[in-house]
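The chains referred to below are lettered A, B, ... by the order of the sequence lines, with proteins before strands, and numbering in each begins at 1.
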Protein chains: 2
Amino acid sequence: MKSNQTENNLPEPTKAELEILQVLWEFGPSTVRFVNDKLNGQREVNYTSTLKQMQILTEKGILKRDESQMKHIYIPVEAEEKTKVQLLDRFVNTLYKGSASQLMMQLLGNEKTSKQEIEEIKRLLDSMD
Amino acid sequence: MKSNQTENNLPEPTKAELEILQVLWEFGPSTVRFVNDKLNGQREVNYTSTLKQMQILTEKGILKRDESQMKHIYIPVEAEEKTKVQLLDRFVNTLYKGSASQLMMQLLGNEKTSKQEIEEIKRLLDSMD
DNA sequence: TGTATCGTACGAAAAACATCGTACCTTTGG
DNA sequence: CCAAAGGTACGATGTTTTTCGTACGATACA
């Protein structure tokens, strides 16, 4: 029954950084222009702000980039799954003292979790043995 | 359709604020001194830092306080459950596009989620019908 | 070939968060 | 009554995160 510290390689992405990661996860390796356009679909951001963020992300080692063209292509270093698992782990540890079942109870008790979702989860569990 | 006219949207607590909330959740309404002592069990914090944070939390409406005594007693406005549900909800939406079962899959795939936890979850689900 | 357009680099301002020092008030005990 | 101990208030400062202006190089094309 351990809920140890996450053996954390990479620094935790900030909120703004996460937004960018999600675009890259959804659409694959992209230019700053592309990411910025997507972000602007949600809220107003200046191009250079996004550029800066992505440069920082790269400094931190969260993104890498292909500079062979003038329009640099940015790519997440870690797979979406791995990063999300890390974030989830931290979340569970912080809010639920590492107890996944505790978290589950809240998900199941949440009205926003649909019957369909619950059925999905059940099937998942049954298929695990 | 849910009956909820004022979908209570309190500002998201910051990291430092969450630490304080957790103490209050665990030990109930407390003085700054008490909370600060608890925090100092984990890391060094100056008394006035904790005081300030708790004052800010109060300004934000996340805590309220009983000022009838010199030693003010601080109390979370919302129940632990409610706040956690809110945070969880935000988490699921942000990282899993609202899909609880997606999140589940990761929890179950996570080695840190013990067999025991999984059994716990199964029992939970079965007892739900 | 000149100029408008689109790109990167990067410092610095702005905003959000966190910490602390100091002033000052109340209570307590000798 | 006075000093020590312990409380609150709050501005100032430090840090991190976010945003943006400006400089300047490459590209496109009229």
Participant: Between atom CG in Leu57(A) and atom C1' in dC10(C), what is the gap in whole Å?
Facilitator: 17 Å
Participant: Lys15(B) has an atom NZ; how far is it from atom C1' of dA18(C), in whole Å?
Facilitator: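 Going from NZ in Lys15(B) over to C1' in dA18(C) covers 12 Å.
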Participant: Once you round it to whole Å, what is the distance between P of dC17(C) and CD1 of Ile20(B)?
Facilitator: 14 Å
Participant: Using the ring pair (Phe, Tyr, Trp, His ring centres under 6.0 Å) rule, collect all pairs that involve residues 31-57 of chain A, keeping only residues at least two apart or in two chains.
Facilitator: Phe27(A)-Phe34(A)
Participant: Take the protein atom CD of Gln42(B) and the nucleotide atom P of dA18(C), then report the distance between them rounded to whole Å.
Facilitator: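 Answer to the nearest Å: 15 Å.
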Participant: If hydrophobic residues (ILVMFWY) are linked whenever their side-chain heavy atoms come closer than 4.5 Å, directly or via other members, who joins Ile75(B) in its cluster?
Facilitator: Ile73(B)
Participant: In whole angstrom, give the distance that lies between atom CD of Gln53(A) and atom P of dA9(C).
Facilitator: 15 Å
Participant: With sequence neighbours excluded, what pairs up with Gln42(A) under the side-chain contact (heavy atoms from CB on, under 4.5 Å) test?
Facilitator: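 With sequence neighbours excluded, Gln42(A) shows a side-chain contact (heavy atoms from CB on, under 4.5 Å) to Glu19(A), Leu39(A), given in chain and number order.
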Participant: Crowded around Glu44(A) CD? As in, over 12 foreign heavy atoms under 6.0 Å?
Facilitator: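 No - once you tally the heavy atoms of other residues, nucleotides and ligands closer than 6.0 Å, there are 12 at most.
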Participant: Under the ring pair (Phe, Tyr, Trp, His ring centres under 6.0 Å) rule, what pairs show up with a residue in residues 62-106 of chain B, not counting sequence neighbours?
Facilitator: Phe91(A)-Phe91(B)
Participant: Of all the choices, dT19(C), dT18(D), dG21(C), which nucleotide is nearest to the side chain of Asn46(B) once you look at every atom?
Facilitator: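 So the side chain of Asn46(B) is nearest to dG21(C).
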Participant: Take atom CE of Met54(A) and atom C1' of dC10(C), then tell me their distance rounded to the nearest Å.
Facilitator: 17 Å
Participant: Enumerate the residue pairs fulfilling salt bridge (charged side-chain N to carboxylate O under 4.0 Å, His left out) with a member in residues 49-59 of chain A, sequence neighbours excluded, ordered by first and then second residue.
Facilitator: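 Every candidate salt bridge (charged side-chain N to carboxylate O under 4.0 Å, His left out) pair involving residues 49-59 of chain A fails, so no pair, neighbours aside, qualifies.
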Participant: What integer distance in Å separates Glu44(A):CD from dT19(D):C1'?
Facilitator: 12 Å
Participant: Within the 4.0 Å limit for protein heavy atoms, which parts of nucleotides 4-16 of chain D are touched? Write it as a string from 5' to 3', B for base, S for sugar-phosphate only, - for none.
Facilitator: ---SBBBB-----
Participant: Atom CD of Gln69(A) and atom P of dG7(C): how far apart are they, to the nearest Å?
Facilitator: 13 Å
